[in-house]
Amino acid sequence: MSFMVLDNDDINFIWESINHLRIVFHPVYAPEGKFNYSELCTLKQKKDVMIFLDRNLLSSLLKLCQNGSLKNEKEMRIIAIIMTWSIMNDLSISAGLALKENAIKAGSSNYAKIELNRFTEIFEQYHSMTWLYLAEGRIDKIPRIVSSDSYKTSIAYHKEDDHLLMHLAEMLHIVYLYRKKDLSPVEKIINYLSWHCENLLISQYTNTYITLLFTHHKGFHPPKNANSNDINRIMDGCYNQAWDLTYLTIWSTLYSQESVLKDVFLFSTADKMLRYIFINTHATEHLFNLLMSVFPSKSANKIMCLCEKILGPDRKKPDFGEHPQRYFRALIRKEKQRIVDSVL
């Protein structure tokens, strides 16, 4: 990547754009998607800072570089803004999680390695100023990169992750509850939390998701095809939603260790619901605060009493055994069958 020459107007435009769009996050430094320039500069003196891209952003970046432009101009400018902001602040970009998503869906790492090769070529072939000019609208096209070579790596991107399997089981149970029209929002949340506590590790992001989903919060929707009677379509929708939450939980295992690591990990996504899940999780700091904001006090207290009972210090975590993925897959089959039985 070549050097970048910026004047004050360029710097202000990129910083104002990144904070206006709110597409890069961190629970400490940008819990609402807004960064402080001085704070980031201080952080970089102590740590190496990396940005994880979600699948949609990586797909847009690769498509842009393959075709030279995108039909959706706003999408194209957003990609250019992220690239410019990362270069001007000397932040590295990782596509690892996004590559893994498609590889698992395909059941093979072959195409992921081709995408990885294209991704690395982006940083070798484009002049840094290209991204600034594209971000500012001075140009509408960039040179194309066409490559079908595979990146040489032994990484098996297509192996399913424990987090993904746990979230898939969660989504299936959420769909089951979502379809239960005879249950109130409070009853659905209580049912879910009890089930979750008994079967899986607790996910703060999933708890935020179900709280805002079952209370019909604007911008929150169930997994796609949740109302379908075709279990395969339901599975597809649950799989996609599980992946969104998997990004957040895998990322959380990294940022929770930053005090002893040399790196700080940011996450970038333009997905509205994913952004709302993250913001509402960290803005409220605790599930109790979120419950109090969306329920009358009596209903919120009912849920909180349950949480205190089942999530207290005496809670016995579920035993996944020597082969956790066998446990998760069995739970997925059980939840899948629960939906099938409810349709009959």
Side-chain angles (χ1 to χ4, degrees), residues 14-15 17-35 40 49-64 70 72 74-86 89 91-105 112 115 119 122 131 135 161 163-164 167 170-171 203-209 212-213 217-224 237-256 258 263-283:
I14 295 300
W15 268 96
S17 296
I18 209 77
N19 281 334
H20 173 72
L21 290 168
R22 299 207 293 178
I23 50 176
V24 185
F25 298 89
H26 188 276
V28 175
Y29 306 108
E32 297 185 2
K34 293 186 177 182
F35 286 83
L40 183 60
V49 183
M50 175 182 293
I51 305 174
F52 286 112
L53 298 182
D54 77 350
R55 181 66 223 183
N56 289 339
L57 289 178
L58 177 63
S59 294
S60 296
L61 173 61
L62 295 175
K63 187 176 180 180
L64 168 60
L70 293 176
N72 187 322
K74 181 180 178 181
E75 180 184 345
M76 182 171 68
R77 305 298 179 201
I78 287 174
I79 294 298
I81 287 167
I82 294 172
M83 294 296 289
T84 305
W85 187 71
S86 66
N89 288 292
L91 312 179
S92 57
I93 297 181
S94 171
L97 290 178
L99 292 171
K100 191 174 180 68
E101 178 179 351
N102 267 20
I104 289 175
K105 289 178 180 178
E115 288 189 320
F119 179 73
I122 289 170
W131 298 112
D161 181 90
H163 294 281
L164 174 63
H167 283 306
E170 291 171 359
M171 294 307 108
S203 167
Q204 61 178 340
Y205 295 117
T206 306
N207 288 346
T208 296
Y209 172 60
L212 297 174
L213 171 67
H217 196 81
K218 183 180 179 181
F220 279 76
H221 49 75
K224 289 181 180 179
C238 287
Y239 211 96
N240 288 335
Q241 190 60 49
W243 252 113
D244 284 349
L245 290 162
T246 298
Y247 280 106
L248 294 180
T249 51
I250 291 180
W251 175 41
S252 72
T253 65
L254 296 172
Y255 69 62
S256 63
E258 286 175 354
D263 301 300
V264 167
F265 304 93
L266 313 179
F267 177 60
S268 185
T269 179
D271 184 283
K272 287 184 178 180
M273 191 166 71
L274 199 54
R275 288 154 55 196
Y276 291 158
I277 290 171
F278 180 82
I279 290 171
N280 280 283
T281 298
H282 293 281

So does K63 pair up with E115, basic N to acidic O under 4.0 Å?
no
Do T281 and Q204 get their side chains close enough for a donor-acceptor pair, meaning under 3.5 Å?
no
Does N72 reach the main-chain N or O of K74 with its side chain, forming a donor-acceptor pair under 3.5 Å?
yes
Just checking, any donor-acceptor pair under 3.5 angstrom between side chains of H26 and E258?
yes
Might you confirm whether atom NZ of K105 has over 12 heavy atoms from other residues, nucleotides or ligands at distances under 6.0 Å?
yes
Pairing donors with acceptors under 3.5 angstrom, does anything connect the side chains of Y205 and H167?
no
Is any side-chain heavy atom of P27 less than 4.5 Å from a side-chain heavy atom of F278?
yes
Quick check against the 3.5 Å criterion: does S94 have a side-chain atom that pairs as donor or acceptor with the backbone of I51?
no
Classify the side-chain pair E101/Y247 by whether it contains a donor and acceptor separated by less than 3.5 Å.
yes
Is any side-chain heavy atom of L58 less than 4.5 Å from a side-chain heavy atom of F119?
yes
Looking at side-chain heavy atoms only, is the closest gap between D244 and D54 below 4.5 Å?
no
Answer yes or no: is there a side-chain heavy-atom contact under 4.5 Å between I104 and Y239?
yes
Any side-chain heavy-atom pair of F52 and S268 under 4.5 Å
no
